[in-house]
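Reading through the structure tokens given below for one structure.
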Number of protein chains: 2
Amino acid sequence: MTRASSRRPGPPTRTERGIPEATVARLPVYLRALTALSDSGIATASSEDLATAAGVNSAKLRKDLSYLGSYGTRGVGYDVEYLRYQIAREIGVTQDWAVVIVGIGNLGHALANYSGFGTRGFRIVALLDADPNLIGERIGDMEVRDFAELEDIVKADRVSIGVITTPAGPAQGVCDRLVAAGVTSILNFAPVVLSVPTGVDIRKVDLSIELQILAYHEQRKSGEAALPQVPELPAMNGLTDLPSVGGGVGA
Amino acid sequence: MTRASSRRPGPPTRTERGIPEATVARLPVYLRALTALSDSGIATASSEDLATAAGVNSAKLRKDLSYLGSYGTRGVGYDVEYLRYQIAREIGVTQDWAVVIVGIGNLGHALANYSGFGTRGFRIVALLDADPNLIGERIGDMEVRDFAELEDIVKADRVSIGVITTPAGPAQGVCDRLVAAGVTSILNFAPVVLSVPTGVDIRKVDLSIELQILAYHEQRKSGEAALPQVPELPAMNGLTDLPSVGGGVGA
DNA sequence: CCGATTTTGTTCTCACGTTCACAAGCTCCT
DNA sequence: AGGAGCTTGTGAACGTGAGAACAAAATCGG
């Protein structure tokens, strides 16, 4: 098991019909921008308009869209509804995907209530937890069920996407169970690196990593001139007062 | 303030002392891996060990670390505690960063309770919301305060990082207020593209985008042979639930 | 019907990121 | 002390992504 990562059979990274991964990651953004335009009653938009709404530059947007086909009209722009449907179809959200959420703590709770979740394309079919105290609790119009029922639920509802919102500890175990039950896409909120067999896609959302990236840049801003000369080789003996980072290190 | 000093002076993307953005994004992962090893009582680790723990390959890890300096010992590996401190210092989490969370809905609630948040390096100094019904509510050892107090809080606690967990609507307004108050790094959970002036860093976490990316790959898996020939110009009549798709642009 | 105008789709070039492969350097054993 | 065996740090090759620039195609006005 744990047979290497997921995507990399022989050739490099290239989706079957050739849509680059970077583009795939932006399609949902375009989809949202188009929905917003549509809601504003706008029927046609140029690549420039769309790019602004999506927060990218227009050349990139045009190139991204060109991977899907030629859905625009030169001299005019894109028909908002039409393009929206094409992107939705390409992503696969014209159908509904069944989702289970495992781990109903604070975050699991929040996600279960998150309306924008089922905006379109996704349907939460079960909230699971192993804690007997939580089982049976109602959240919105759903009830927390026993994690032991996982296999039945996955089979019954053809669940292909699992969301892990457990603490770090049980995450790998939960992940293994999900995969064994037949789930082939996992969204992981637990702060651990999960390993999955080939063929299973996994994406990670990690709050503290995001904050740390911000901190890095923040530090650069404030200390622009204060830390150009980094102590390349600080005395190793100074490490004794580093029982735990942040313990006695703080400025 | 807001001295247009962030990233993009003249040359392309290149952090002042030259750490590539992709590497910066992985440093927190290494930091976590090192902490885990440290907690297991492991004092020394090779690049191979670390890479496994962090879920990357060893060559990449070594190159990433080489940007920070030569902190390893050939033939031996890396001293876990030493390297951990070096990375923590580089990221900037040896000091504590003050953080405010704006928007105490489901997600804001969850984040406020998220212990791993203040794991180290970050300190939530205020939970803010504009809803009078929420103000005064206690969450953990904190109390929800009026968003109007933002400026005072930012000044008093030297807040440099703001987390936006409001709905999409008010997000840009909140963002502008944060920036005006002096916040220079923003983590946005609202499903909108925020615009900020130069010098302010912004990162986005978007649940539905992540799910959609998974859906895209999922679709490719199930239909491996079912949809190789994509209807470049599908018959527009099959789209009953798409009121005005393709006014006249379609086939 | 033709030319001016607009905007897409695409080509080309350059920068960035990843991986390979190996020399440099350290430790340990004989 | 010297050589064998590891493991790091890095130079070079390769692949991917971004942006500029332009040719192709559509509309509109005369």
Side-chain angles (χ1 to χ4, degrees), chain A residues 4-5 7-15 18-27 29-30 34 42-52 54-80 82-83 86-87 232-233 236, chain B residues 7-15 18-27 29-30 42-52 54-80 82-83 86-87 232-233 246-251:
Chain A
S5 60
R7 58 189 37 272
R8 222 122 304 174
T13 314
R14 174 179 289 177
T15 319
I19 299 186
E21 198 54 36
T23 296
V24 171
R26 282 187 293 266
L27 290 180
V29 181
Y30 302 154
L34 285 164
I42 295 172
T44 303
S46 69
S47 63
E48 200 67 52
D49 299 337
L50 270 174
T52 303
V56 302
N57 85 33
S58 64
K60 182 154 44 179
L61 179 133
R62 284 200 301 279
K63 188 182 301 194
D64 283 342
L65 293 187
S66 77
Y67 290 114
L68 312 191
S70 288
Y71 295 136
T73 307
R74 298 179 190 222
V76 178
Y78 299 90
D79 180 285
V80 172
Y82 181 56
L83 181 59
Q86 293 302 338
I87 293 180
E232 291 291 341
L233 289 170
M236 286 295 278
Chain B
R7 62 188 31 271
R8 222 125 303 170
T13 315
R14 174 179 288 178
T15 318
I19 299 186
E21 196 54 36
T23 295
V24 170
R26 280 187 294 266
L27 290 180
V29 180
Y30 302 154
I42 295 172
T44 303
S46 68
S47 62
E48 200 67 54
D49 299 336
L50 269 175
T52 303
V56 301
N57 85 35
S58 65
K60 180 151 50 178
L61 179 132
R62 284 201 302 278
K63 177 152 286 202
D64 283 342
L65 294 186
S66 76
Y67 290 113
L68 312 190
S70 288
Y71 295 138
T73 307
R74 297 177 192 225
V76 178
Y78 301 89
D79 180 286
V80 172
Y82 181 57
L83 182 58
Q86 294 301 338
I87 292 179
E232 291 290 340
L233 290 171
V249 179

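Just so you know, these numbers come straight off a predicted model, no measurement behind them. Each chain gets a letter, A, B and so on, in the order its sequence line appears, and its residues count up from 1.
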Have A:Asp49 and A:Thr52 got a donor and an acceptor in their side chains that come within less than 3.5 Å? no
To the closest 0.5 Å, what do you measure between [atom1] ([X]) and [atom2] ([Y])?
X	Y	atom1	atom2	value
A:Thr23	A:Leu65	OG1	CG	9.0 Å
A:Asn57	A:Glu48	CG	CD	8.5 Å
A:Leu50	A:Arg62	CG	CZ	11.0 Å

Tell me the interatomic distance from [X], atom [atom1], to [N], atom [atom2], rounded to whole angstroms.
X	N	atom1	atom2	value
A:Lys60	C:dT10	NZ	C1'	17 Å
B:Glu48	D:dT8	CD	P	8 Å
B:Leu65	D:dT10	CG	P	11 Å
B:Asp49	D:dC6	CG	C1'	13 Å
B:Asp79	C:dC26	CG	C1'	15 Å
B:Leu50	D:dG9	CG	P	11 Å
B:Asn57	D:dG15	CG	P	16 Å
A:Glu21	C:dC16	CD	P	22 Å

Yes or no on ring pair (Phe, Tyr, Trp, His ring centres under 6.0 Å) for A:Tyr78 and A:Tyr71, after CA distance, side-chain angles and deciding distance? CA-CA 7 Å; A:Tyr78 299 90; A:Tyr71 295 136; 8.8 Å; no
Which protein N or O atoms sit under 3.5 Å from an N or O of nucleotides 3-7 of chain C?
{"unit_1": "C:dT7", "atom_1": "O4'", "unit_2": "A:Gly75", "atom_2": "N", "d": "3.0"}
{"unit_1": "C:dT7", "atom_1": "O2", "unit_2": "A:Gly75", "atom_2": "N", "d": "3.3"}

I want to check something: taking the side chain as every heavy atom from C-beta on, are B:Val80 and B:Thr44 in contact at a cut-off of under 4.5 Å? no
hbond_proxy B:Lys63 side chain to C:dT19 base (donor-acceptor, 3.5 Å cutoff): yes
